[in-house]
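Note sheet for the following structure.
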Number of protein chains: 2
Amino acid sequence: MSDTHTGVPSALAYELPRPVPADELAACPAGEVFRRVGDKWSVLLVVLLGGRPHRYNELHRAVEGISQRMLTRTLRGLEIDGLVRREVLPTVPPSVEYSLTPLGRSLLIPLSALADWAVRHEGDIRRARSDSTGR
Amino acid sequence: MSDTHTGVPSALAYELPRPVPADELAACPAGEVFRRVGDKWSVLLVVLLGGRPHRYNELHRAVEGISQRMLTRTLRGLEIDGLVRREVLPTVPPSVEYSLTPLGRSLLIPLSALADWAVRHEGDIRRARSDSTGR
DNA sequence: CTGTATCCTATTAGATACTG
DNA sequence: CAGTATCTAATAGGATACAG
């Protein structure tokens, strides 16, 4: 890296879509999405449903740690935003199947990219944290 | 479409890194990252600093709506996780410059992919929401 | 200019009990 | 099986005042 910082940090700049001006960010829908996806369970559920459809209690067992309340709430939120589809099957006793909509599946792609980043840089973050905390 | 599919339901399956098994997700560092990045201000600040380094009050003005408390707290969090660098310049009065670390810049890439998704599907989400709520 | 400290509110999430 | 209802604890976040 030859340049200090007279603009864009040079090494990665060509890989990035573009520099984003500040005023454009404020009105940007990205904020909404990051909060939808940034809660405690949404990503987990989306990725899980990305593998295959699941029934309610199936999700409850798979996620481990989620309360019924939060499972229901999170699924409702995802359903309202059009990411998840809820289908009641006419069985006795009733069963409900949750699956990703096409929109939900399309989200899975950038989501996976971010998850990938997380896996690759897990160590960096933990190291940085313990440099701050531990010492 | 001639499918050689194994059992993956989606037409998008071949675009995805892989189906993620449930037990792998629980222990996965992705959750940590999505929460770090899912709070109200982190993404905004990271993307902003991705454009160029900023000083404290510069960020305070650029973000608009953030309190001093949250600006400081969010920057500290990002610094602790090694995404942001804080440099005190020996001026009078003192000035502090915040910039992305290489780790922070690398995060900018998947972050931009997700932001891109948000921009492209903003309408879909709003439509889904109003189908549920307002009607 | 660059923060800290304090107080207060709203939101998130967990636990538990109950229902069609 | 697939939820709802209620209560409570923890956390996030804003407003304001003050400080080096």
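Below, chain A is the first sequence line, B the second, and so on; all start at residue 1.
- Here the CD1 atom belonging to B:Ile66 is positioned 11.0 Å from the CZ atom belonging to B:Arg73, to the nearest 0.5 angstrom.
- The distance from atom NE2 of A:His54 to atom C1' of D:dC1 is 16 Å, rounded to the nearest whole Å.
- For C:dA5, the OP1/OP2 oxygens have no side-chain nitrogen or oxygen of B:Arg73 closer than 4.0 Å.
- Remark: the B:Tyr56 side chain and the B:Ser95 side chain contain no N/O donor-acceptor pair separated by less than 3.5 Å.
- Take B:Leu59 and apply the side-chain contact (heavy atoms from CB on, under 4.5 Å) test, not counting sequence neighbours, and it matches B:Leu45, B:Leu48, B:Leu49, B:His54, B:Leu71, B:Leu75, B:Tyr98.
- A straight line from CZ of A:Arg36 to C1' of C:dT11 spans 15 Å, rounded to a whole angstrom.
- Counting only distance, with no hydrogens or angles, the side chain of B:Arg105 and the backbone of B:Leu100 share a donor-acceptor pair below 3.5 Å.
- The CZ-C1' distance, from A:Arg35 to D:dT11, rounds to 12 Å in whole Å.
- In the set C:dG3, D:dG14, D:dA2, D:dG14 carries the atom at the smallest distance from any side-chain atom of B:Trp41.
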- [ ] Using a 4.0 Å heavy-atom cut-off, write out nucleotides 15-20 of chain D from 5' to 3' as B (base contacted by protein), S (sugar-phosphate only) or - (no contact).
- [x] B-B---
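- Here the P atom of nucleotide C:dA13 and the NE2 atom of A:His60 are 15 Å apart, to the nearest Å.
- A straight line from CG of A:Leu45 to C1' of C:dA13 spans 14 Å, rounded to a whole angstrom.
- Phosphate contact (OP1/OP2 of D:dG14, side-chain N/O of B:Lys40, threshold under 4.0 Å): present.
- Looking at B:Glu79, its side chain never comes within 3.5 Å of a backbone N or O of B:Arg76 through a donor-acceptor pair.
- The nearest whole Å value for the distance from the CG atom in A:Asp39 to the P atom in D:dA12 is 14 Å.
- The CG-P distance, from B:Leu71 to D:dA12, rounds to 16 Å in whole Å.
- OP1 or OP2 of C:dG3 has at least one side-chain nitrogen or oxygen of B:Tyr98 nearer than 4.0 Å.
- In this structure, A:Arg36 contributes its side chain and A:Gly77 its backbone to a donor-acceptor pair below 3.5 Å.
- Distances shown here put a side-chain N or O of B:Arg55 below 4.0 Å from the OP1 or OP2 atom of C:dT2.
- Of the residues in residues 75-85 of chain A, those lying under 4.0 Å from DNA chain D by heavy-atom distance are A:Arg76.
- In summary, of the residues considered (A:Arg126, A:Arg129, A:Arg127), a salt bridge (charged side-chain N to carboxylate O under 4.0 Å, His left out) with B:Asp81 occurs for A:Arg129 alone.
- Between the A:Thr101 side chain and the A:Leu83 main chain, a donor and an acceptor come within less than 3.5 Å of each other.
- At whole-Å resolution of the value, CE in A:Met70 and P in D:dT8 are 19 Å apart.
- Side-chain atoms of A:Thr74 do not come within 3.5 Å of backbone N or O of A:Ser42 as any donor-acceptor pair.
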